[in-house]
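Working notes, structure below.
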Amino acid sequence: MNTDFLSAVSACRHPSWTSRGLWHRCLALAATLCIGACSVGPDYHKPSVQIPESFKEGADWQRAQANPQGSLSSDWWSVYQDDKLTQLIEQSQKANQSIAAAEAAYRLALAIVQADTANLFPLVTTGLSGRRTGVGSGLSPSTGSSITGSSATSTRVTSGVSNNFSASASASWELDLWGSVRRQIEAAKGSAQATDAQLAGERLSIASSVAVDYFELRRADIDIQLLKQQQDIDSRILDMTRASFAQGQASNDQVLAAQDTLETVVADLQSTETTREQDEHAIAVLVGVPPQSFALPEVPAYAFVLPDVPLALPSQLLERRYDVVSAERTAAAANAQIGVAEAAFFPTLTLSAQGGFQHNTLAHLFSLPSRVWTLGPDLAATIFDGGARTAVVHETRAIYDEDVATYRNTVLSAFQTVEDSLSSVNHLRQQTQAFANILERNQQLFASERAQLQAGAVSEQDLLTEQLTLLQAEQNLSDTRALLTQGSVTLIRNLGGGWQWDDTKVSAVAGHRPQSDRAGPAETLDASAPK
């Protein structure tokens, strides 16, 4: 290719090239060079990572082998069978400002791709100007001509006044002989794809945050009701203890203990109400509403739903985890930047052409004798830069190595978070069953205690004490169910939600992107640079 390049440049200076055919020959030269052009720098290959065959903690969650095609629904929150939760999450996807910022970042990345792609094409400009110049009577009229830039100037002085009109056009095209522009486009596309994944991640993060805060709020609803019942019972027990103390049947220590028990419940109630109010404020911000104008009615009898979460193979996380995809695409962009840096060692070839018309009268401006033109190739190369280009190459390679390490660490972290979620869910399921058994036994004990009260075998205070134990058992079971439901949300988030990266779809950079990612990204950018 180098021999053809030197021969083509030499041919531009051949005497047989007339001005009439020079531009056509330059275009032919450009086409020849573009066809034979190459892209310097390493071609990208996805970094290798160690992928386990299965999840260590997944046996108790999904006893059968994971389904390789198992996938969560894009509107995964609907499995919790709560219309209010669905409404809040869908509102957050439209109004949350973090999502709006991520969408803006994605549009910026697309604009950068467009700007880099434009560098593959010639730059064409045009202009039209007119001037009228006066000359004082103390100067003798003169006639002359000069050539400035791309146009010739012919000026005639009449009665101390001269007119000059010009129309010009110019074109320049820096040929991408070494793939610098194409590598830059490849890098920009990789960055845009990483930003696309980050946008999907922001959507998933906001949706899961709404769900977790919502279930925490519903947990508080149940706890507030149970704590108020405990407060009423403790108040009655305190009154009974004081009455017994007045009759000499109870000690002052018993009165003090009853007071402490009541105050503890009051303190727990205030803490729980604070938690609910703050959860409500957090949900308001997530859905894009000022907290003072947002309220959720209490649902003391809320029933938590634990959905079945399809567990895919660990290898699927590489496509369903937005952070893994983003890190891998960032590494791809860094690899392309190495080619951009290495291309700086080679000369640049620019084809330029300028032409136009100039005359002292507008009527004769666009005439053949008034035309002016220049055209020809420009070859430029840096001979010495003190090692600046070498330093840039070292810098880009170091950035690539750093991004590869980040990608591999992101994959390991993805496996860890899924294993953590599976472990948490597995143990919370067992805790839920244990607390359910405790509640069942306490219900039997309370029924037995009430029967004994009717038979006169126990006191009313004994029955109230047993009722307190029953209420605490209900609270323990409710809290664990809430944690288990929240844990399932975290598991869904760590599995990538309903999003999946699809690098088989190629769309125009300027294409429209829908607001929803219901079935994954509606469009993706080509991961490879043009060859």
Side-chain angles (χ1 to χ4, degrees), residues 1-2 4-40 111-131 145-154 164-188 339-340 343-344 346-360 362 364-382 508-510 529-531:
M1 188 192 71
N2 292 337
D4 295 338
F5 168 73
L6 295 175
S7 300
V9 173
S10 300
C12 289
R13 300 192 296 270
H14 197 277
S16 63
W17 281 38
T18 61
S19 61
R20 185 173 183 177
L22 183 57
W23 179 243
H24 295 87
R25 287 177 172 83
C26 285
L27 289 178
L29 168 65
T32 301
L33 294 175
C34 287
I35 293 175
C38 62
S39 295
V40 299
I112 293 175
V113 175
Q114 289 177 310
D116 290 337
T117 304
N119 292 329
L120 288 173
F121 302 95
L123 176 64
V124 180
T125 61
T126 185
L128 179 65
S129 65
R131 295 191 300 274
S145 63
S146 62
I147 298 178
T148 303
S150 64
S151 59
T153 304
S154 178
N164 187 290
F165 300 93
S166 66
S168 63
S170 65
S172 63
W173 186 12
E174 182 177 336
L175 302 182
D176 189 28
L177 297 178
W178 320 111
S180 175
V181 176
R182 283 170 288 163
R183 289 298 192 191
Q184 186 62 50
I185 295 173
E186 182 181 353
V340 176
F346 298 89
T348 60
L349 177 63
T350 303
L351 300 180
S352 60
Q354 297 175 327
F357 300 88
Q358 286 198 351
H359 203 272
N360 63 337
L362 186 60
H364 298 88
L365 177 61
F366 297 99
S367 60
L368 191 60
S370 301
R371 66 175 181 172
V372 292
W373 56 267
T374 60
L375 57 85
D378 294 324
L379 187 65
T382 301
V509 173
K531 301 296 183 184

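Along the sequence shown, residues are numbered consecutively beginning with 1. Remember, it's a predicted structure, so these values are computed and weren't measured experimentally.
- Separating the CD atom in Q358 from the OG atom in S166 is a distance of 4.5 Å, to the nearest 0.5 Å.
- Residues T348 and L379 have side chains not in contact (no heavy-atom distance under 4.5 Å, counting atoms from C-beta outward).
- When atom types are taken as modelled, the side chain of T126 and the backbone of S168 share a donor-acceptor pair closer than 3.5 angstrom.
- Across every non-hydrogen atom of A167 and L128, the tightest pair is CB-CD1, 3.6 Å.
- The closest donor-acceptor contact from the side chain of W173 to the backbone of L349 lies at 3.5 Å or more, if one exists at all.
- A donor atom on one side chain and an acceptor atom on the other are not found under 3.5 Å apart for T350 and S172.
- With R183 contributing its side chain and V40 its backbone, the two residues share a donor-acceptor pair below 3.5 Å.
- A distance of 10.0 Å separates OG1 in T117 from CD in Q184, rounded to the nearest 0.5 Å.
- Side-chain N or O atoms of N164 include none that pairs as donor or acceptor with a backbone N or O of R131 at under 3.5 Å.
- Minimum interatomic distance between G130 and F165 (heavy atoms only, all atoms of both residues): CA-CD2, 3.9 Å.
- Under the 4.5 Å side-chain criterion, counting only non-hydrogen atoms from C-beta, L375 is in contact with W373.
- Contact of the L123 side chain with the E174 side chain is not registered, since no non-hydrogen atoms from C-beta on lie closer than 4.5 Å.
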Could you walk me through whether D378 and S352 pass the side chain to side chain contact (heavy atoms under 4.5 Å, CB included) check? CA-CA 8 Å; D378 294 324; S352 60; 3.8 Å; yes
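- In this structure, the side chains of S180 and F346 stay at 4.5 Å or more apart for every pair of heavy atoms.
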